[in-house]
K.L.:
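The following block contains the structure, expressed as structure tokens.
Just so you know, ligand 1 is whichever comes first in the structure, and atom 1 is the first atom listed for that ligand. Position 1 is the first residue of the sequence, and the numbers go up from there.
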Amino acid sequence: MRLGGTIGRRRLLAAGGAAFAAGAAGLSTADAARDGPAPGGAVAAAGGGLARAAARCGVLFGSAFDTEALDHPAYGELIRQNSAHTGNLNSFKYDWLRSKGPSADFAGAERLLAFATERGLPFTAAVLVWNDYPPAWLKSKSLAELRYLFDAHIDETMQRFAGRVAAWVVVNEPFAPWDREPGGWRTGPWYTAFGPDYVARAFRRARAADGRARLILNEAFCERRDLVGAAVRPALLALVERIKHAGVPLDTVGLQGHLQLQHGGFDHADYADLMRRLAAEGVDIEITELDVDDSAMKGTADRRDAEVARHYEEFLAAVLQVPQLRGVTTWGLSDRFTWYHEVAAKESPLYPRKPRPLPFDEALRPKPAYFAIERAFLAAARRRR
Ligand code: XIL
């Protein structure tokens with residue numbers, strides 16, 4: 001991971017408002033044949049571990065990864081064993097593809113995609129358009145240049161990976177109430193270029209360049225019981241209603257699911273209700289970036305592990321009640337490779353306590369969170385029978 005290069009960067013999730021196939025193991029060959037090959041031509045591999053448990057209730061489980069899995073074969077193997085699909089953490093983002101200027105370096109993204117494809121894992125690329133993390137060189141561009149760069153990025157990137165990735169997060173995090181823009185929109189270069197219309201434009205252009213990839217609109221914060229959550233939930237629902245009624249090619253709404261206790265806790269019933277309302281607009285739902293931040297938890301590692309596990313189980317119990325939930329993806333799989341190292345290091349370079357937000361520990365051993373996630377999937381499978 002490009003840890004060093006990101007520590008000093010502007011935004012981490014907590015900042016600002018005060019702060020994503022068939023064929024997971026458990027499905028028969030007949031099931032897989034009926035559902036057909038995954039987009040991208042690859043037939044989904046049989047996942048084990050958490051993916052097998054999730055398949056029992058018809059949900060695709062996976063973990064996002066990046067170059068750390070290429071550098072640590074045991075970690076790559078753990079991802080494969082537990083995933084029925086996967087995707088990137090960073091390497092398909094604009095500021096990673098085009099860090100030095102408009103011309104893209106796709107080498108890192110291609111390496112990740114090759115890893116997934118060789119293992120038969122359908123791949124979700126993330127993200128195509130995000131107003132956060134603009135590369136420094138973009139900041140001096142004129143309005144006309146921004147508009148040109150937006151279209152050119154979508155056309156080149158989508159055409160390059162067409163037929164090879166199963167899905168794209170086309171727009172990430174459209175709302176950021178603390179930017180104080182009418183409607184709660186997140187400001188940034190693409191918002192500057194087109195206003196709120198950038199969302200519909202991105203989806204239409206993405207579909208024109210790749211007619212098969214599932215197109216995802218991804219948002220954060222919706223699980224939060226604070227003012228940010230209260231502002232983002234209706235804004236997201238209104239956006240989805242508007243663009244679906246306008247015929248914009250949106251297939252899936254992704255809800256990130258970075259569970260962070262420090263923002264007033266969660267209302268899982270409200271959250272499941274939002275999922276049902278979104279699904280009523282004719283979209284699938286995915287949990288795209290699940291993890292449980294333990295930074296606000298007190299006590300020993302064992303105690304925090306138990307609390308993290310409980311939050312995974314309660315959250316999954318609620319969201320697995322929504323039939324349109326098709327996938328759950330965790331933002332990494334082992335505590336060794338979580339983005340919360342970056343978050344903690346930003347607070348204090350010598351951060352004293354290692355974050356423990358994921359199902360496996362630093363030594364790749366399953367934690368209580370692993371068993372809690374497995375229990376939640378198996379309980380949902382029993383309910384659905
Ligand atoms: C994070 C990555 O995990 C970090 O390595 C990177 O420095 C910043 O982005 N919401 C998102 C993800 O949509 O793209 C973010 O990923 C985490 C929060």
K.L.:
Should you measure from each heavy atom of K93, which atoms of ligand 1 turn up under 4.0 Å away?
P.N.:
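It comes down to these atoms of ligand 1: 1 (C), 2 (C), 9 (O), 12 (C), 14 (O), 15 (C), 16 (O).
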
K.L.:
Would you say Q256 has any N or O atom under 3.5 Å from an N or O of ligand 1, going by distance alone?
P.N.:
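Such a contact does occur with ligand 1.
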
K.L.:
On the 0 to 90° scale, with breaks at 30° and 60°, tag the F161-F106 ring pair as parallel, tilted or perpendicular.
P.N.:
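It falls in the perpendicular class, over 60°.
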
K.L.:
Based purely on interatomic distance, does Y133 place a nitrogen or oxygen under 3.5 Å from a nitrogen or oxygen of ligand 1?
P.N.:
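No, there is no polar N/O contact under 3.5 Å.
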
K.L.:
Only heavy atoms count here, so choose which of H258, E342, K346 is nearest to atom 18 (C) of ligand 1.
P.N.:
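That would be H258.
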
K.L.:
Is the closest side-chain donor-acceptor distance between D291 and W339 under 3.5 Å?
P.N.:
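W339 and D291 do have a side-chain donor-acceptor pair below 3.5 Å.
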
K.L.:
Is there a donor in the side chain of E314 and an acceptor in the side chain of H311, or the other way round, less than 3.5 Å apart?
P.N.:
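No, because no side-chain N or O of E314 sits under 3.5 Å from a partner of the opposite role on H311.
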
K.L.:
Should you measure from each heavy atom of N172, which atoms of ligand 1 turn up under 4.0 Å away?
P.N.:
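Contacts of ligand 1 toward N172, numbered from 1: 11 (C), 13 (O).
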
K.L.:
Test the R119-F115 pair against the cation-pi criterion, namely NZ or CZ under 6.0 angstrom from the six-membered ring centroid and within 45° of the ring axis.
P.N.:
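Yes.
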
K.L.:
So, does H258 use its side chain to make a donor-acceptor pair with the main chain of L290 at under 3.5 Å?
P.N.:
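No, because the side chain of H258 does not come within donor-acceptor range (under 3.5 Å) of the backbone of L290.
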
K.L.:
Taking the minimum heavy-atom distance to atom 6 (C) of ligand 1, which of V343, T288, N90, D95 ranks first?
P.N.:
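Considering heavy atoms of V343, T288, N90, D95, the nearest to atom 6 (C) of ligand 1 sits in N90.
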
K.L.:
Which ligand 1 atoms, with their elements, are less than 4.0 angstrom from a heavy-atom of E173?
P.N.:
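This gives 10 (N), 11 (C), 13 (O) as the contact atoms.
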
K.L.:
Please name the pair of heavy atoms, one in F337 and one in H72, separated by the smallest distance, quoted to 0.1 Å.
P.N.:
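Taking F337 first and H72 second, the nearest heavy atoms are CZ-CD2, 3.6 Å.
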
